[in-house]
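Read through the structure below, which is laid out as structure tokens, and then see the notes.
Basis for what follows: all heavy atoms, side chains included, without hydrogens, waters or symmetry-related copies.
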Amino acid sequence: MSTTAAPSTQRTYEVRTYGCQMNVHDSERIGGLLEDAGYLPFDQATAEGEQADVVVFNTCAVRENADNKLYGNLSHLAPVKAANPDMQIAVGGCLAQKDRSTITAKAPYVDVVFGTHNIGSLPALLDRARSQEEAQVEILESLEVFPSTLPTKRDSAYAAWVSISVGCNNTCTFCIVPSLRGKEKDRRPGEILAEVEALVAEGVSEITLLGQNVNAYGVEFGDRQAFSKLLRACGDIDGLERVRFTSPHPAEFTDDVIEAMAQTPNVMPQLHMPLQSGSDRMLKAMRRSYRQSKYLGIIERVRAAMPDAAITTDIIVGFPGETEEDHQATMDVVRAARFSGAFTFQYSKRPGTPAATLPDQIAPEVVKDRYGRLVELVNQIAWEENQKLVGNEVELLVAEGEGRKDTATHRLSGRGPDNRLVHFEADFSAVGGEPPRPGDMVTTRITYAAPHHLVADGPVLGLRRTRSGDAWETRVNGAAAPAGQVGLGMPQVGVPAPLPPAPACG
């Protein structure tokens with residue numbers, strides 16, 4: 001039950017999200033809170049140039065120009081708000097946590113500024129700003145209520161993020177997240193499993209366990225095997241077909257996690273593990289507490305236990321002091337690891353991080369050249385790895401919104417167990433002619449490989465209708481329950497949506 005009074009007339013809201021998967025999940029909570037308080041989602045498609053009554057910016061602070069991007073977007077709304085004083089603008093997320101004292105100074109028309117630790121205060125702050133006719137700034141320094149206890153408006157009927165921890169205890173020199181989201185706070189296993197079971201009861205069949213440093217889970221209550229135990233416990237939940245997690249840290253990646261992945265049937269053979277650099281010298285400068293040999297050793301043991309595992313990563317190019325020799329070390333790791341994909345980034349200064357003031361910042365033209373060569377290598381290897389799958393049968397979880405060209409190509413799209421994206425021909429003659437729904441499972445045969453996707457042309461070989469498909473159909477038909485609190489209680493890769501183009505924090 002919401003403690004915030006609903007607006008006297010129903011107002012609309014829009015959430016604009018920037019940054020990592022944690023922000024994406026936080027935005028689901030923001031939407032859930034606002035709808036629980038009586039707001040309606042703004043439908044841009046039917047608005048004909050109008051603007052939502054409340055616009056919330058959920059910000060990211062990991063880019064050098066993050067503040068410029070925010071203030072540029074805010075300035076576009078200034079004349080709209082001037083013409084409609086009842087409109088409200090709220091700024092939350094990591095940049096709000098960092099720049100709390102400057103947002104309202106630079107953009108005095110902003111009504112609410114809230115931090116990463118007090119998302120739940122947003123509806124009350126909006127009400128207070130309206131009644132008092134002045135900006136409300138509320139930033140908490142530490143987490144008081146674990147955010148998974150808040151109402152959540154899930155983007156997908158068949159797949160869901162489940163946050164198992166927030167914050168991070170690492171001190172990577174390029175990352176500002178620990179200072180904004182705080183030290184790691186872990187949920188108790190019973191709360192997590194209760195949320196997963198509640199989601200499965202609602203029709204969800206795939207969950208992604210989410211944490212800033214997901215495999216460090218358990219550090220707060222002193223159980224170093226807590227994460228592997230959690231994976232195994234997810235394997236005992238009836239109706240839960242797929243379990244994924246992001247993002248782990250190589251320094252804390254232990255063999256018990258590999259064993260749990262290999263021995264738990266619904267934990268998928270897919271791993272996203274940030275590398276950042278293949279150079280030991282750069283890893284030391286980044287304060288990444290592992291070295292090249294340890295990273296490649298993890299890859300080797302994962303592949304020994306799960307030969308078909310698809311492994312993706314994050315890589316930063318042009319970190320201060322990086323030499324051509326350091327860059328070649330990264331290229332060597334990419335060749336050895338045979339990643340199925342990588343999020344690659346040109347280093348940019350992140351204000352407030354130690355790396356921002358390091359000497360030997362790399363010239364932009366050098367960074368661009370190294371970046372181009374890395375991307376070319378990553379794409380070539382991903383293409384070669386995808387070509388090995390041509391001719392294979394694969395069971396896909398039918399996805400919604402992942403095939404941008406599906407209408408033109410007359411295909412549908414889905415994700416395999418290894419999280420590869422497959423566009424498949426909409427030929428259902430062999431399975432009764434009725435098309436699958438998002439959340440259903442289809443079996444197809446791969447006929448073509450590209451670096452970033454696969455194609456399966458030809459009749460669908462098998463169709464399994466699922467409770468997730470039922471849940472999707474119920475939502476589309478307008479019979480879905482309103483957003484509310486879940487149970488007892490988050491790249492993007494995979495469903496419900498691809499990860500936004502921002503580095504993982506792991």
- Task: Using a strict 4.0 Å threshold on nitrogen-to-oxygen distance, state whether Glu241 and Arg464 make a salt bridge.
- Result: yes
- Between Ser121 and Glu138, a side-chain donor and acceptor under 3.5 Å: yes
- Message: Pair Tyr217, Leu209 - check side chain to side chain contact (heavy atoms under 4.5 Å, CB included), show working.
- Response: CA-CA 11 Å; Tyr217 174 73; Leu209 303 175; over 6 Å; no
- Atom pair CD1/NE2 of Ile30 and His25 - distance to nearest 0.5 Å: 11.5 Å
- Do side-chain atoms of Arg242 reach the backbone of Ala159 as a donor and acceptor pair under 3.5 angstrom? no
- Message: Can you tell me how the ring of Phe343 sits relative to the ring of Phe345, calling it parallel under 30°, perpendicular over 60° and tilted otherwise?
- Response: parallel
- Task: Would you please test Asn215 and His249 for side chain to side chain contact (heavy atoms under 4.5 Å, CB included) and show each step?
- Result: CA-CA 7 Å; Asn215 59 323; His249 194 294; 4.1 Å; yes
- Hey, could you give me the OH/OG distance between Tyr158 and Ser468, rounded to the nearest 0.5 Å? 9.5 Å
- Message: Would you say that Val91 contacts Leu95 through its side chain, given a criterion of any heavy-atom pair below 4.5 Å between the two side chains?
- Response: no
- Query: Judged by atom type as modelled, is there a donor-acceptor pair below 3.5 Å linking the side chain of Glu425 to the main-chain atoms of Pro459?
  - Reply: no
- Task: Before giving the answer on side chain to side chain contact (heavy atoms under 4.5 Å, CB included), spell out for Val200 and Ile207 the whole-Å C-alpha distance, their side-chain angles and the decisive distance to 0.1 Å.
- Result: CA-CA 9 Å; Val200 172; Ile207 59 113; 5.6 Å; no
- Output yes when a side-chain donor or acceptor of Gln88 lies under 3.5 Å from a complementary backbone atom of Asp111, and no otherwise. no
- Query: Is Thr59 reaching over with its side chain to a backbone N or O of Gly92, donor-acceptor style, under 3.5 angstrom?
  - Reply: yes
- Message: Strictly below 4.0 Å, N to O, side chains only: are Asp127 and Arg130 in salt-bridge contact?
- Response: no
- Message: Asp406 vs Arg411, test: salt bridge (charged side-chain N to carboxylate O under 4.0 Å, His left out). Steps then yes/no.
- Response: CA-CA 5 Å; Asp406 282 353; Arg411 295 185 178 114; over 6 Å; no
- Between Val390 and Thr447, does a side chain to side chain contact (heavy atoms under 4.5 Å, CB included) hold up when you go through it step by step? CA-CA 5 Å; Val390 173; Thr447 57; 5.6 Å; no
- Partners of His453 by ring-ring contact (aromatic ring centres under 6.0 Å, His included), sequence neighbours excluded? His423
- Approximate separation, where rounding is to 0.5 Å, of Leu275 CG and Phe339 CZ: 5.0 Å
- Query: Got a sec, which residues hit side chain to side chain donor-acceptor pair (under 3.5 Å) with Asn266, two or more places apart in sequence or on another chain?
  - Reply: none
- Query: Of the non-hydrogen atoms in Thr344 and Val375, which two are nearest, and what is the gap between them?
  - Reply: OG1-CG2, 3.5 Å
- Message: Using every non-hydrogen atom in the two residues, find where Leu463 and Glu434 come nearest and quote the distance to one decimal.
- Response: CD2-O, 3.7 Å
- Task: Return yes if a side-chain donor-acceptor contact under 3.5 Å exists between Asn379 and His452, otherwise no.
- Result: yes
- Does the side chain of Val113 reach to within under 4.5 Å of the side chain of Gln136, using non-hydrogen atoms? no
- Any idea which heavy atoms bring Met87 and Ala52 closest together, and the distance? CG-O, 3.9 Å
- Query: If you measure only the distance, is there a donor-acceptor pair under 3.5 Å linking the side chains of Asn58 and Ser27?
  - Reply: yes
- Query: When Leu454 is tested against each of Leu421, Leu389, Thr444, Leu396 for side chain to side chain contact (heavy atoms under 4.5 Å, CB included), which residue passes?
  - Reply: Leu389
- Task: Please name all residues satisfying ring-ring contact (aromatic ring centres under 6.0 Å, His included) with Phe245, sequence neighbours left out, ordered by chain then number.
- Result: Phe227
- Closest approach of Asn386 to Ala450 (non-hydrogen atoms, all atoms of both residues): ND2-O, 2.7 Å
- Message: Between Arg16 and Asn73, is there a side-chain donor-acceptor contact under 3.5 Å, judged purely by atom types and distance?
- Response: no
- Identify, with sequence neighbours excluded, every residue that meets salt bridge (charged side-chain N to carboxylate O under 4.0 Å, His left out) alongside Glu197. none
- Message: Under a plain distance cut-off of 3.5 Å, with no hydrogens placed, do His272 and Thr312 share a side-chain donor-acceptor pair?
- Response: yes
- Can any side-chain N or O of Ser165 pair as donor or acceptor with the backbone N or O of Lys185 at less than 3.5 Å? no
- Query: Are the side chain of Arg29 and the backbone N or O of Gly120 linked by a donor-acceptor pair below 3.5 Å?
  - Reply: no
- Can you list the residues that meet the salt bridge (charged side-chain N to carboxylate O under 4.0 Å, His left out) rule with Glu259, with sequence neighbours excluded? none
- Can you check whether Val460's main-chain N or O pairs, donor with acceptor, with Asp427's side chain at less than 3.5 Å? no
- Query: Is a side-chain donor-acceptor pair under 3.5 Å present for Glu252 with Asn213?
  - Reply: yes
- Please list all pairs passing the side-chain hydrogen bond (donor to acceptor under 3.5 Å, both in side chains) test where one or both residues lie in residues 227-240, with sequence neighbours left out. Asp223-Lys229, Ser228-Asp256, Arg232-Gln263
- Query: Closest approach of Phe221 and Pro189, non-hydrogen atoms and distance?
  - Reply: CZ-CD, 4.1 Å
- Query: Got a salt bridge between Lys183 and Glu220, using NZ or NE/NH1/NH2 to carboxylate O under 4.0 Å?
  - Reply: no
- Rounded distance (nearest 0.5 Å) linking atom OG1 of Thr466 with atom CD of Glu206: 11.5 Å
- Task: Determine whether the side chains of Gln270 and Asp418 contain a donor N or O and an acceptor N or O closer than 3.5 Å.
- Result: no
- Item | Audit row: Glu191, Arg188, salt bridge (charged side-chain N to carboxylate O under 4.0 Å, His left out) steps and yes/no | CA-CA 5 Å; Glu191 292 181 357; Arg188 289 289 169 173; over 6 Å; no
- Task: Looking only at non-hydrogen atoms, find the nearest pair between Tyr13 and Glu35 and report the distance.
- Result: OH-OE2, 2.7 Å
- Item | Approximate separation, where rounding is to 0.5 Å, of Leu230 CG and Arg187 CZ | 10.0 Å
- Worked check of salt bridge (charged side-chain N to carboxylate O under 4.0 Å, His left out) between Glu402 and Arg415: CA-CA 9 Å; Glu402 291 214 60; Arg415 295 270 175 178; 2.5 Å; yes
- Message: Quick one: does any side-chain atom of Asp53 pair with a main-chain N or O of Thr12 as donor and acceptor, under 3.5 Å?
- Response: yes
- Trp383 side chain to Ala449 main-chain N or O, any donor-acceptor pair under 3.5 Å? yes
- Message: Main chain of Asp470, side chain of Arg475: is a donor-acceptor contact present, judged purely on distance under 3.5 Å?
- Response: no
- Item | From CG (Leu74) to NZ (Lys69), nearest 0.5 Å | 12.5 Å
- Item | Ion pair Arg437/Glu400, N-O distance below 4.0 Å | no
